[in-house]
Colleague: 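Right, I'll just put the structure down here and ask away after.
FYI, side chains are in, hydrogens and waters are out, and symmetry mates aren't considered; it's all heavy atoms of this structure. Nothing here was measured: the structure is a model prediction, and the numbers come from that model. Note on naming: letters A, B, ... go to the chains in the order of the sequence lines (proteins, then strands), and numbering restarts at 1 for each one.
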Amino acid sequence: MLRSVKGLKDILPQHASQWQHIETVARTLASQYGFSEIRIPIFEFTELYARSIGGTTDIVEKEMYTFLDRDGSSLTLRPEGTAGVARAVLEHKLLDSPSTRKLFYLGPMFRHERPQAGRYRQFHQFGVEAFGTDDPLIDVEVITLLWNFFSSLCLKDLSLNINSIGTQEDREGYIQKLREFLSPTLTVLCENCQRRYSTNTLRILDCKVPSCQETTQDVPVLIDYLSDTSKIHFEAVLDGLTSLQIPYSINHRLVRGLDYYSRTTFEITSPHLGAQSTIGAGGRYDGLLQVLHGPPTPAIGFAVGLERVSLLLAEDQTQKKSPLFFLAGFGDIGKPIAFKLLYELRQSGIRADTDHKARTLKALLRSADKLSAEYSIILGDDEAQSGNVIMRNMHTKAQEIVALNELIQRIHKGC
RNA sequence: GUGGGUGUAGCUCAGCUGGUUAGAGCGCCGGAUUGUGGUUCCGGAGGUCGCGGGUUCGAAACCCGUCACUCACCCCA
């Protein structure tokens, strides 16, 4: 049997309405907060991601779906949304108008990782990006939108973690201190952390190995090494969240993995997801547009993993549909007339269906039941000959003979 | 890329230390009702026991390999 590609998942009919619901909430809320939708391509020149995400990150080093175009240029399926949006913003000069500085997107991303609970090779993200200001209140706006997105979906037991990783310069000073602190304990750290010491020192902070957490317990705190501007900014963000009563906890060990992050970083986690507990995360990326040869432009955004959201959502989010009329047509004369009637019902805006596989009236009604039809329209040879149909209420079992040519009118009048 | 767990019917699973025609529940189809669903009763269809090799008189079961799924590490949403 032919199967789907490893790590890719079908969204089957029974879950489609749940996805529609998630997407509707995302669009509605983003729009309420003044964000406009942007739809960008799902692949770009590889260079875009290599430059913005950072050449030494895992995403770029080993997780990208990269392929050569026919002219030899290297293309990559988007592993995340921010880089593409930033590129589009520069390419179309969207920074000039306040109406296009706040953008949101919704769509699939691709990363070649080993699949696991809440992690797929094609996954979907909802994300927002706000360009052009480093006013701490925009940070608050973005975080609030993220928080309210989850509240609107009625997700429980979430926690918002927040930190500031400062500017590039702030960080350099801190990393030096961190290395000094850790160097005598280097041999006690786990293998991963020994490697991180030189390549990605900050990551040692959120190592899961208990012995590492113990050794790094009294490590210097990043916030103490922030410049005054960074510190004031961070405090203003926290004040803003407090004034809106958004519950947060400061997590000194929260460091984001992508190179472009600076200052404010945050993530929202759920305890019900196994190892992949982060359902939404983001931060400020004030340096990114310059890296892409744009003007110096502060910016902040977040991304939400929609598969993870979907896992947390209660089943059966089915929205109400209009009543279904089931055409039970049978017999040589009845079936073709019923088929024509089916078409006419649909033309007049009525939700109607039949089951061509069912031959007998019994089988037809059984199908009507499986489809949860409100009414069955019974049309056999007898009815065909007299120009009538039997309209059966599937809940009350009440039946009524209706003239064929009056049926649609009758339905529209209400049953 | 590394490690653990699991592969038996469409789905969820049972199958004792190897033993003869491989089972259940749900679902599906049909009958009881010559043209009336959901409940009930009766019947039926559906399986290369993931795949390949080995041990054995005999393998779904034991061994080796392989593939798939899954969880975790790494990393991330």
Colleague: Is the phosphate of B:G37 approached by A:K397 (side-chain N or O, under 4.0 Å from OP1 or OP2)?
Modeller: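 A:K397 to B:G37 OP1/OP2: no side-chain N or O under 4.0 Å.
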
Colleague: Output yes when A:E44 and A:R78 qualify as a salt bridge under the 4.0 Å nitrogen-oxygen rule, no when they do not.
Modeller: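 Salt bridge absent between A:E44 and A:R78.
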
Colleague: Does this structure show an ion pair linking A:R27 with A:E37, if we count only N-O contacts that are shorter than 4.0 Å?
Modeller: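 Looking at A:R27 and A:E37, the cut-off is met.
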
Colleague: Assess A:K335 against A:F330: is NZ or CZ under 6.0 Å from the centre of the six-membered ring, and within 45 degrees of the ring's axis?
Modeller: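 Relative to the ring axis of A:F330, which defines the angle, A:K335 lies outside at least one limit.
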
Colleague: Go through B:U36, B:C71, B:A77 for me and flag the one nearest to the A:A117 side chain.
Modeller: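 In terms of side-chain proximity for A:A117, the closest of B:U36, B:C71, B:A77 is B:C71.
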
Colleague: OP1 or OP2 of B:G30 less than 4.0 angstrom from a side-chain nitrogen or oxygen of A:R366, does that happen here?
Modeller: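 So the side-chain polar atoms of A:R366 do come within 4.0 Å of the phosphate oxygens OP1 or OP2 of B:G30, strictly under.
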
Colleague: Would you classify A:E61 as touching base, sugar-phosphate or nothing, given that sugar-phosphate means primed atoms plus P, OP1 and OP2, and contacts are heavy atoms under 4.0 Å?
Modeller: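 Here A:E61 touches no strand at all.
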
Colleague: Applying the 5.5 Å / 30° rule, does A:F330 stack onto the base of B:G35?
Modeller: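 No, the aromatic ring of A:F330 does not stack with the base.
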
Colleague: Show, in sequence, the C-alpha distance, side-chain angles and deciding distance for A:R410 and A:E406, and conclude whether the salt bridge (Lys or Arg N to Asp or Glu O under 4.0 Å) test is met.
Modeller: CA-CA 6 Å; A:R410 175 82 178 68; A:E406 288 169 11; over 6 Å; no

Colleague: As a test of reading the structure: which of B:A77, B:C75, B:G35 is closest to the side chain of A:L361, going by heavy atoms?
Modeller: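 Among B:A77, B:C75, B:G35, the one nearest the side chain of A:L361 is B:G35.
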
Colleague: Would you classify A:G127 as touching base, sugar-phosphate or nothing, given that sugar-phosphate means primed atoms plus P, OP1 and OP2, and contacts are heavy atoms under 4.0 Å?
Modeller: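 Result for A:G127 = nothing.
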
Colleague: How would you label the contact of A:I390 with the nucleic acid (heavy atoms, under 4.0 Å): base, sugar-phosphate, or nothing?
Modeller: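 Counting heavy atoms under 4.0 Å across all strands, the contact made by A:I390 includes a base.
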
Colleague: Quick check on the 6.0 Å ring-centre criterion: do A:Y260 and A:Y285 meet it?
Modeller: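 Close enough - the centres of the two rings lie under 6.0 Å apart.
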
Colleague: Determine the interatomic distance between P on B:G35 and the same-named atom on B:U39; round to the nearest Å.
Modeller: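 B:G35 and B:U39 have their P atoms separated by 22 Å.
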
Colleague: Side chain of A:R203: nearest nucleotide among B:G37, B:C76, B:C74?
Modeller: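 For the A:R203 side chain, the nearest candidate turns out to be B:C76.
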
Colleague: Using a cut-off of less than 4.0 Å, is there contact between a side-chain N or O of A:Q116 and OP1 or OP2 of B:C71?
Modeller: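 It does not, given that no N or O in the side chain of A:Q116 lies less than 4.0 Å from OP1 or OP2 of B:C71.
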
Colleague: Measure from CD on A:Q276 to P on B:A77 and round the result to the nearest Å.
Modeller: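 To the nearest whole Å, that distance equals 11 Å.
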
Colleague: When you compare B:C29 with B:U66, how far apart are their C1' atoms, in angstrom units rounded to a whole number?
Modeller: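 So the two C1' atoms sit 38 Å from each other.
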
Colleague: If we take the C1' atom in both B:G54 and B:C42, what is their distance in whole Å?
Modeller: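 Rounded to whole Å, the distance is 47 Å.
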
Colleague: With rounding to whole Å, what would you report as the distance between B:U20 and B:C57 at their C1' atoms?
Modeller: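 Comparing C1' positions in B:U20 and B:C57 gives a spacing of 12 Å.
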
Colleague: Which value, in whole Å, describes the distance between the P atoms of nucleotides B:A45 and B:A22?
Modeller: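 Roughly 14 Å separates the two P atoms.
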
Colleague: My understanding is that a pair needs two contacts under 3.5 Å, Watson-Crick or G-U wobble. By that rule, which nucleotide pairs with B:U21?
Modeller: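 Per the H-bond distance test, none.
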
Colleague: Quick one: are the ring centres of A:F149 and A:F126 less than 6.0 Å apart?
Modeller: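 So the answer is yes for these two rings.
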
Colleague: Rounded to whole angstroms, how far apart are CZ on A:R195 and P on B:U2?
Modeller: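 A:R195 atom CZ is separated from B:U2 atom P by 15 Å.
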
Colleague: Answer yes or no: does a side-chain N or O of A:K362 lie under 4.0 Å from OP1 or OP2 of B:U33?
Modeller: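 Checking B:U33 against A:K362, no side-chain N or O comes under 4.0 Å of OP1 or OP2.
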
Colleague: Take the protein atom CZ of A:R3 and the nucleotide atom P of B:U70, then report the distance between them rounded to whole Å.
Modeller: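 One finds 9 Å between P of B:U70 and CZ of A:R3, rounded.
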
Colleague: Under 4.0 Å, heavy atoms only, any strand: does A:E80 hit a base, just the sugar-phosphate, or nothing?
Modeller: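 Contact class for A:E80: none.
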
Colleague: Remember a base hit wins even if backbone is also touched, and classify A:I378 as base, sugar-phosphate or nothing at under 4.0 Å, heavy atoms.
Modeller: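 Base contact - A:I378 has a heavy atom under 4.0 Å of at least one base atom.
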
Colleague: Under 3.5 Å for both donor-acceptor distances, Watson-Crick or wobble: does B:C51 have a partner, and if so which one?
Modeller: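 Result: B:G65.
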
Colleague: Between A:E383 and A:S4, which residue's closest nucleotide on RNA chain B lies nearer the 5′ terminus?
Modeller: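 Its nearest nucleotide lies further toward 5', so the answer is A:E383.
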
Colleague: Considering the options A:L254, A:L238, A:D139, which one meets the side-chain contact (heavy atoms from CB on, under 4.5 Å) requirement together with A:I162?
Modeller: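 Of all the options given, the one that passes is A:L238.
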
Colleague: Between A:Y248 and A:F266, is the ring centroid distance below 6.0 Å?
Modeller: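 No, too far apart.
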
Colleague: To the nearest Å, give me how far apart CD (A:E113) and P (B:C73) are.
Modeller: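 Answer to the nearest Å: 12 Å.
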
Colleague: Base, sugar-phosphate or nothing for A:A275? Non-hydrogen atoms, less than 4.0 Å.
Modeller: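 The answer is sugar-phosphate, as A:A275 gets under 4.0 Å only of primed atoms, P, OP1 or OP2.
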
Colleague: Considering every strand shown, what is the Watson-Crick or G-U wobble mate of B:A72 when both distances are under 3.5 Å?
Modeller: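 Base-paired to B:U2.
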
Colleague: Taking atom P of B:C75 as reference, at what distance in whole Å does atom CD of A:E267 sit?
Modeller: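 About 14 Å, once rounded to whole Å.
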
Colleague: Are A:F43 and A:F67 an aromatic pair by the rule of ring centers under 6.0 Å?
Modeller: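 Judged by ring-centre distance (under 6.0 Å), A:F43 and A:F67 do meet the cut-off.
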
Colleague: Could you please name the partner base of B:G44, counting Watson-Crick and G-U wobble pairs only when both distances are under 3.5 Å?
Modeller: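 Base partner found: B:C28.
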
Colleague: Would you mind pulling out the nucleotide paired to B:U56, Watson-Crick or G-U wobble, both distances under 3.5 Å?
Modeller: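 By the stated definition (distances under 3.5 Å), nothing pairs with B:U56.
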
Colleague: Taking any heavy-atom pair under 4.0 Å as a contact, classify A:D369: base, sugar-phosphate, or nothing.
Modeller: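 Base, at least one base atom sits under 4.0 Å.
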
Colleague: Measuring only the P atom in each nucleotide, how far is B:C62 from B:A68? A whole number of Å is fine.
Modeller: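 My reading of the P atoms in B:C62 and B:A68 gives 23 Å.
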
Colleague: Whom does B:G38 pair with, Watson-Crick or G-U wobble, provided both distances fall under 3.5 Å?
Modeller: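 Here B:G38 is not engaged in any pair, so there is no nucleotide opposite it.
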
Colleague: If I pick the C1' atom on B:A59 and the same atom on B:G52, what distance separates them, to the nearest angstrom?
Modeller: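 Looking at atom C1' only, B:G52 and B:A59 are 15 Å apart.
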
Colleague: Which is more 5' along RNA chain B, the nucleotide nearest A:H112 or the one nearest A:G118? Just name the residue.
Modeller: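 Looking at the nearest nucleotide for each, A:H112 comes out on the 5' side.
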
Colleague: For B:U55 versus B:U8, give the span between their P atoms, rounded off to a whole number of Å.
Modeller: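 Pairwise P distance, B:U55 against B:U8, rounds to 27 Å.
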
Colleague: Using whole Å, what does the distance between atom P of nucleotide B:U33 and atom CG of A:L365 come to?
Modeller: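 Rounded to the whole Å, the gap is 17 Å.
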
Colleague: Rounded off to whole Å, could you give me the CD-to-P distance for the A:E307 and B:U70 pair?
Modeller: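 The answer, rounded to whole Å, is 13 Å.
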
Colleague: Can you tell me which nucleotide in B:A77, B:C73, B:G35 comes closest to the side chain of A:K208?
Modeller: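 Taking heavy atoms from C-beta onward, the closest nucleotide is B:C73.
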
Colleague: Just to confirm, is there a sub-4.0 Å distance from OP1 or OP2 of B:A77 to any side-chain nitrogen or oxygen of A:R256?
Modeller: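 Yes, within the criterion.
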
Colleague: Give a yes or no on whether a donor-acceptor pair under 3.5 Å exists between the nucleobase atoms of B:C76, that is its base, and the side chain of A:R114.
Modeller: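 No, the side chain and the base share no sub-3.5 Å donor-acceptor pair.
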
Colleague: Using only side-chain N and O atoms of A:K370, determine if any of them is under 4.0 Å from OP1 or OP2 of B:G27.
Modeller: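 No, A:K370 has no side-chain N/O under 4.0 Å of OP1/OP2 on B:G27.
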
Colleague: For the pair made of CG in A:L364 and P in B:U36, what is the distance, rounded to whole Å?
Modeller: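 So the two atoms are 12 Å apart, to the nearest Å.
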
